[in-house]
Amino acid sequence: MVTHTPALGRRRGVPGRQAVRLLVLVAILAVVLYPLFWMLGTSVKSQEEIVSNIGLLPKEFTPGNYTDGWRNFDVSFGRFFLNSILVSLLTVLGNAVSCLLAAYAFARLRFRLRGFWFAIMIGTLLLPGHVLIVPQYILFRTFDMVGGPWPYLPLVVPQFLATEAFFVFLMVQFMRGIPRELDEAAKIDGASSYGIFRHVILPLSRPALVTTAIFSFIWTWNDFFRQLVYLSDLRDYTVPVALTLFIDSTSESAVGPMFAMSVLSLLPVFLFFVAFQRMLVEGINTSGLKG
């Protein structure tokens with residue numbers, strides 16, 4: 001009986017440790033989700049209650065904030081959503097295509113000064129994005145791409161030129177994990193460099209592409225500063241820029257409708273992540289290779 005007491009004590013201690021761990025996780029989850037729940041509750045509060053009631057639940061349910069926010073301007077807020085979706089999807093497409101091609105060149109092809117150019121590309125990660133805003137604006141202004149009939153060109157064109165060094169580096173590291181024996185086997189079958197890319201690298205790079213797509217969409221959807229710099233017409237505004245229109249220097253700021261539109265602005269990001277998260281987790285588990 002004595003010899004089994006320590007094991008029995010350890011078994012009894014396991015549920016206790018699991019309960020403590022669960023409580024800690026629930027507490028962390030509550031802290032993380034509290035701002036989201038507070039914003040959701042504030043979106044259905046009246047203008048006066050927003051100032052007086054800082055709790056989660058409203059005393060007076062005011063769903064009219066959503067209709068007021070949707071029709072608050074001369075342009076429907078749906079137009080701002082369409083603009084953001086357009087810019088975000090084009091950015092996803094540009095980053096996926098250009099960064100994948102650049103990564104394939106750095107990871108699989110051999111050319112002069114490959115290491116030097118790769119180091120230069122990695123070095124651009126050290127430059128803060130705000131430092132590049134002024135020279136980029138002057139460049140696009142010189143090419144007459146600012147404020148023209150296609151106002152989103154300064155936001156989209158750079159993404160088709162593999163300017164996101166982070167995604168290029170991510171894909172390079174992923175491709176280096178793909179066995180080169182697959183390339184050699186494809187060459188024996190007569191495949192060219194393009195054939196290797198098309199039939200070997202591209203199918204196996206799906207996890208890196210999904211990761212690039214998710215982060216590209218989220219970062220572009222939430223981008224404010226660059227879109228504020230290049231967009232000047234109300235009809236061309238994206239959601240982050242349009243949300244600032246609810247706040248002005250007078251006492252007429254529509255805070256309730258602003259929170260209501262902020263809640264709606266989270267839905268595309270959430271739905272986009274849910275749509276691709278299974279592929280992302282599957283890609284991480286399999287490392288892009290299936291035996």
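Position 1 is the first residue of the sequence; numbering continues from there.
Note on Val134 and Leu139: separate hydrophobic clusters, where clusters join Ile, Leu, Val, Met, Phe, Trp and Tyr whose side-chain heavy atoms are under 4.5 Å apart, directly or indirectly. Follow the hydrophobic side-chain contacts under 4.5 Å out from Val24 and you never reach Val31; the two are in separate clusters. If you chain together hydrophobic residues whose side chains sit under 4.5 Å apart, Val156 and Leu82 never meet in one group. Leu132 and Met145 are not part of a single hydrophobic cluster, where members link through side-chain heavy atoms under 4.5 Å apart. In terms of hydrophobic clustering, with Ile, Leu, Val, Met, Phe, Trp and Tyr side chains grouped at heavy-atom distances under 4.5 Å, Leu271 and Leu93 are assigned to different clusters.
When all heavy atoms of Thr163 and Pro158 are compared, the closest pair comes out as OG1-O, 2.9 Å. Shortest non-hydrogen contact noted between Leu234 and Phe80 is O-CE2, 3.2 Å. Closest non-hydrogen pair, Met121 versus Ala165, comes out as O-CB, 3.4 Å. Here the closest heavy-atom approach between residue Asp223 and residue Gln227 is recorded as O-OE1, 3.0 Å. In this structure, Arg226 and Ile133 approach most closely via the heavy-atom pair CG-CD1, 3.6 Å. Considering every non-hydrogen atom in both Gln47 and Gly256, the closest pair reads OE1-N, 3.7 Å.
A donor atom on one side chain and an acceptor atom on the other are found under 3.5 Å apart for Tyr137 and Arg141. Glu60 and Ser46 share no donor-acceptor pair across their side chains, judged by distance under 3.5 Å alone. Of the N and O atoms on the side chains of Gln18 and Arg21, not one donor lies less than 3.5 Å from an acceptor on the other residue.
You'll find the side chain of Ser265 stays beyond 4.5 Å of the side chain of Pro240, heavy atoms only. Contact of the Phe225 side chain with the Val229 side chain is registered, since non-hydrogen atoms from C-beta on lie closer than 4.5 Å. Annotation: side chain of Tyr230 is not in contact with side chain of Asp236 (no heavy-atom distance under 4.5 Å). Taking 4.5 Å as the limit, every side-chain heavy atom of Phe143 sits out of range of all side-chain heavy atoms of Leu153. Using a 4.5 Å heavy-atom cutoff, the side chains of Asp233 and Pro151 are not in contact. Residues Val20 and Arg17 fail the side-chain proximity criterion, which asks for heavy atoms closer than 4.5 Å. The closest side-chain heavy-atom distance from Tyr104 to Ile196 is below 4.5 Å. Between Leu29 and Leu25, the closest side-chain pair of non-hydrogen atoms is not below 4.5 Å.
Of the possible polar contacts, none joining the Ser216 side chain to the Ala213 backbone as a donor-acceptor pair under 3.5 Å is found. At least one donor-acceptor pair closer than 3.5 Å links the side chain of Ser192 to the backbone N or O of Gly195. The backbone N or O of Gly64 sits less than 3.5 Å from a side-chain atom of Thr67, completing a donor-acceptor pair. Between the side chain of Ser88 and the backbone N or O of Ile85, no donor-acceptor pair lies under 3.5 Å. Thr91 places no side-chain N or O within 3.5 Å of a backbone atom of Thr220 that could act as its donor or acceptor partner. Arg108 contributes no side-chain N or O that, together with a main-chain N or O of Ser193, makes up a donor-acceptor pair within less than 3.5 Å. Counting only distance, with no hydrogens or angles, the side chain of Ser43 and the backbone of Tyr66 share no donor-acceptor pair below 3.5 Å. Between the side chain of Ser98 and the main chain of Ala162, a donor-acceptor pair closer than 3.5 Å is present. In this structure, the side chain of Glu49 engages the main chain of Lys59 through a donor-acceptor pair within 3.5 Å. Although no hydrogens or angles enter the test, the distance criterion places no donor-acceptor pair under 3.5 Å between the side chain of Trp221 and the main chain of Val239.
Scored by the ring pair (Phe, Tyr, Trp, His ring centres under 6.0 Å) test, Trp117 finds no partners at all (sequence neighbours excluded).
Atoms NZ and CG, from Lys45 and Leu56 in turn, are 7.0 Å apart once rounded to the nearest 0.5 Å. Rounding to the nearest 0.5 Å places CE of Met258 at 9.5 Å from CE of Met39. With values rounded to the nearest 0.5 angstrom, Arg206 atom CZ is found 10.0 Å from Phe174 atom CZ. Here the CG-CG distance, from Asn95 to Leu161, works out to 10.5 Å after rounding to the nearest 0.5 Å. Going from atom CG of Leu231 over to atom CG of Leu155 covers 5.5 Å, rounded to the nearest 0.5 Å. Between the CZ atom of Arg110 and the CZ atom of Arg114 there is a distance of 5.5 Å, given to the nearest 0.5 Å.
With a 6.0 Å cutoff to the six-membered ring centre and a 45° limit on the axis angle, Arg176 counts as a cation-pi contact of Phe118.
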Begin with the C-alpha distance, continue with both residues' side-chain angles, and end with the deciding distance and a verdict on side chain to side chain contact (heavy atoms under 4.5 Å, CB included) for Thr244 and Leu228. CA-CA 10 Å; Thr244 63; Leu228 178 66; 5.6 Å; no
Practice item. Walk me through it: do Leu204 and Leu182 pass the test side chain to side chain contact (heavy atoms under 4.5 Å, CB included)? Key: CA-CA 11 Å; Leu204 295 178; Leu182 299 177; 3.7 Å; yes
### Message
Walk me through whether Asn83 and Tyr152 qualify under side chain to side chain donor-acceptor pair (under 3.5 Å).
### Response
CA-CA 9 Å; Asn83 295 339; Tyr152 305 118; 3.2 Å; yes
TODO: Evaluate the side chain to side chain contact (heavy atoms under 4.5 Å, CB included) criterion for residues Met261 and Asn72: first the C-alpha distance (whole Å), next the side-chain angles of each, then the deciding distance (0.1 Å), finally the verdict.
DONE: CA-CA 11 Å; Met261 295 301 99; Asn72 192 70; over 6 Å; no
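Not less than 6.0 angstrom separates the ring centroid of Phe77 from the ring centroid of Tyr237.
Asp74 CG: 12 or fewer foreign heavy atoms inside a 6.0 Å radius. The 12-atom threshold is exceeded at CZ of Phe224, counting heavy atoms of other residues, nucleotides or ligands nearer than 6.0 Å. With a 6.0 Å radius and a threshold of 12 heavy atoms from other residues, nucleotides or ligands, Tyr194 has its OH atom at or below the threshold. Counted within 6.0 Å of CG on Leu267, heavy atoms from surrounding residues, nucleotides or ligands total more than 12; the atom is thus considered enclosed. Counting non-hydrogen atoms of neighbouring residues, nucleotides and ligands closer than 6.0 angstrom, the CZ atom of Phe169 reaches no more than 12 such neighbours. Within a 6.0 Å sphere centred on OH of Tyr34, other residues, nucleotides and ligands contribute more than 12 heavy atoms. In this structure, Arg112 places its CZ atom where only 12 or fewer heavy-atom neighbours from other residues, nucleotides or ligands lie under 6.0 Å away. In Arg71, the CZ atom is not crowded: 12 or fewer heavy atoms of neighbouring residues, nucleotides or ligands sit closer than 6.0 Å.
Phe272 and Phe217 have parallel rings, their planes meeting at less than 30° on a 0 to 90° scale where 60° marks the start of perpendicular. The aromatic rings of Trp219 and Phe166 are tilted relative to each other, their planes meeting at an angle between 30° and 60°.
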